[in-house]
Number of protein chains: 2
Amino acid sequence: MATIKDVAKLAGVALSTASLALGEGGRVSPATRQKVLEAARELNYQKNGFAMDLKRSQTRTIALILSDLSGPYFSELIQSVQDFALSRGYDLIACSSVGGQDSTAVKFLREKRVDGAIVLAHNVSNEVLQESAREGFPIVVLDRVVLGDYLINVLVDGEQGGYEATKYLIEQGHRRIAYISGPVNSYDNIQRYSGYQRALSEHALQELKKWNVIGHFTQEGGFQATKMLILQGDLPEAIFYANDEMALGGMKALAESGIRIPEQVSVIGYDDIFQSQYVQPSLTTIRQPKYEAGSMAAHLLFQALEGQFVNKSYKFSVELVERNSCAPSLVRK
Amino acid sequence: MATIKDVAKLAGVALSTASLALGEGGRVSPATRQKVLEAARELNYQKNGFAMDLKRSQTRTIALILSDLSGPYFSELIQSVQDFALSRGYDLIACSSVGGQDSTAVKFLREKRVDGAIVLAHNVSNEVLQESAREGFPIVVLDRVVLGDYLINVLVDGEQGGYEATKYLIEQGHRRIAYISGPVNSYDNIQRYSGYQRALSEHALQELKKWNVIGHFTQEGGFQATKMLILQGDLPEAIFYANDEMALGGMKALAESGIRIPEQVSVIGYDDIFQSQYVQPSLTTIRQPKYEAGSMAAHLLFQALEGQFVNKSYKFSVELVERNSCAPSLVRK
DNA sequence: AAAACAAATCGAAACGTTTCGATATGTTTT
DNA sequence: AAAACATATCGAAACGTTTCGATTTGTTTT
């Protein structure tokens, strides 16, 4: 691999002059620049990024760290962050934290291979975040509250979401409302669940443990959980799935058992993923301002990067999207 | 930021000893290692990744370059590449080539910030790929044929896919088959379209230009294109959408106009994206072995990285997934 | 024509590591 | 007890850039 040294030699100038000529606004004579550029082309010279980053100790790159690069959930978020980063002349790289503490993502954080990061990955521990964030290296955390210097939290109010979803079902006259849970210790799940509980207790309703089944936030999990609910014999009037993917699986299970939605059971989801509007019947759900949150996260990160003051915590509220998977309860005697 | 120099000083050892102690199998006395580790902890030392990469001139990271990080299409691919990379002790970073020649992605290629790359991004030019690939820096290209040293092609046979889809419709008795196109100069679109043409001409069928409408591979585009088709008054018996996203949009347009699928019009898509099985009616489509292709790409990349011989080109075939959006044509007189 | 200045070029240091050959220390062999 | 060896530590060079202050060259002012 040709280095700038080779280029300089071929062009017959000093190393530093070559660097100047190759750079942006260097004050070199046009003739010299020409010579250097030609030499570079001839040698197929490409600058070594690491050497540059090392010297400059700045990368103009931010990382978006996700627990999983795939999955419909992240699309919108990635998009918004990318749009914003690009508009500020920064590069964005997405890295996955699969592998937990040994993942690419954590390596990027620890070793400061980027100028800052946005994190939405529950498998990156608070400690890592707290240790990594520092002067000149801000981190925006999207999926939980974690306190520390140079750490900024952007939250979507899951408790409110859980509350709204449940309240909506209650207002439709339902009283017996099941909750299909995500992983029990997931921050998102805990939030949504506690909103569900608040709505129930505000209306003096009982929570039935046998209707609280774990579906792991996956479609398959939602399917299985719903099958279990059906097998128990005593069907609830409405089911609140802690995310849309589980709701989709659940609807499939209900359909297979010949149970009509929303006539026999009302179903509500959470997330408003893309396919929710295409399922039959279309799924009533809670929409999270993902694009907005991503955009806000990016915004805050850049502010922090530029040394401006930023609040340490922001919270978004959610919105109920009414579709066709819920119907008023028939008046019971 | 503390450097290894500071650590060494605090621990009272030489710089090189500190480096040894911090590294893996360095031959240092346990006592020294202990001292160094403690000093490092105290100073909250984190190694500088760039300096390391520069010295080592190896990153143990590969890049997956996509034209767009979002979108359901890439999920499976990302997953498979990631699984594979992880199993080989490599990190994966995904970067987007939004921004074309000035994008993060191209920068990563040019500046060799990774050890190798897998590219599925039509907005990265052949020239960039050819210039970037070199000894010790192999590139696997997924979406087109591009020749050169250290360049490896993995293709999914789009021509065959277009052919199969069209042939299936013909075998169901349809004769008047519309093609809703992606961007006209997209490699994928050209492939699929030429398969469509081959199937038609093999069965001595005419292609009607007015039924070849551009839908840009987006849902909105498919919707608009279909609206146009409907407005023309003369509806085809079957529509081949060059991807599922357009088909989804198209189905919505048909439904809005009260046209029944598949009774009045058969619809076939391409890609088998996740939501295709959930739309009503479920969408018959062409499934590409995306996971397999990604896995193969990763496989080949590592072989090349290890200096093993690899073939320069691989081709996968596609598979028709029969669902409910197509029906045999009623016998016409 | 000498002095003053600006522009272009150069040399050297620095960024923070890793690694190699050399030295110092301690242990075994003869 | 001297010689031979293994082990632990050290110093210095190297990776490929950028950048700063110094030097050279050429141009303008007095």
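Residue numbers begin at 1 in each chain, while the letters A, B, ... track the order of the sequences.
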_Using side-chain heavy atoms (C-beta onward) and a distance below 4.5 Å, is A:T3 in contact with A:D6?_
yes
_B:A51 or A:M52, whichever maps to the more 5' nucleotide of DNA chain D_ = B:A51
*Hey, which of these two, A:M1 or A:R56, hits DNA chain D nearer its 5' end, going by closest nucleotide?*
A:M1
*Would you please say whether a donor-acceptor pair under 3.5 Å links the side chains of A:S97 and A:N123?*
yes
*Flag, side chain of B:N153 to backbone of B:V146, donor-acceptor distance under 3.5 Å*: yes
_Working to the nearest 0.5 angstrom, can you tell me the gap between B:L92 CG and B:I118 CD1?_
7.5 Å
*Atom CD of A:Q191 and atom CG of A:D143: how far apart are they, to the nearest 0.5 Å?*
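CG of A:D143 is found 11.0 Å from CD of A:Q191.
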*Go through DNA chain C in 5' to 3' direction and return only the first and the last nucleotide with some atom under 4.0 Å of chain A's heavy atoms.*
C:dA8 to C:dG16
*Using the ring of A:Y187 (Phe, Tyr or Trp, six-membered ring only), decide whether A:R144 places NZ or CZ under 6.0 Å from its centre and within 45 degrees of its axis.*
no
_Under 4.0 Å, heavy atoms only, any strand: does A:T3 hit a base, just the sugar-phosphate, or nothing?_
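If one applies the 4.0 Å heavy-atom cut-off, A:T3 turns out to touch the sugar-phosphate alone, with no base involved.
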*Reckon A:S19 touches a base, only the sugar-phosphate, or nothing at all at heavy-atom distances under 4.0 Å?*
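Base contact - A:S19 has a heavy atom under 4.0 Å of at least one base atom.
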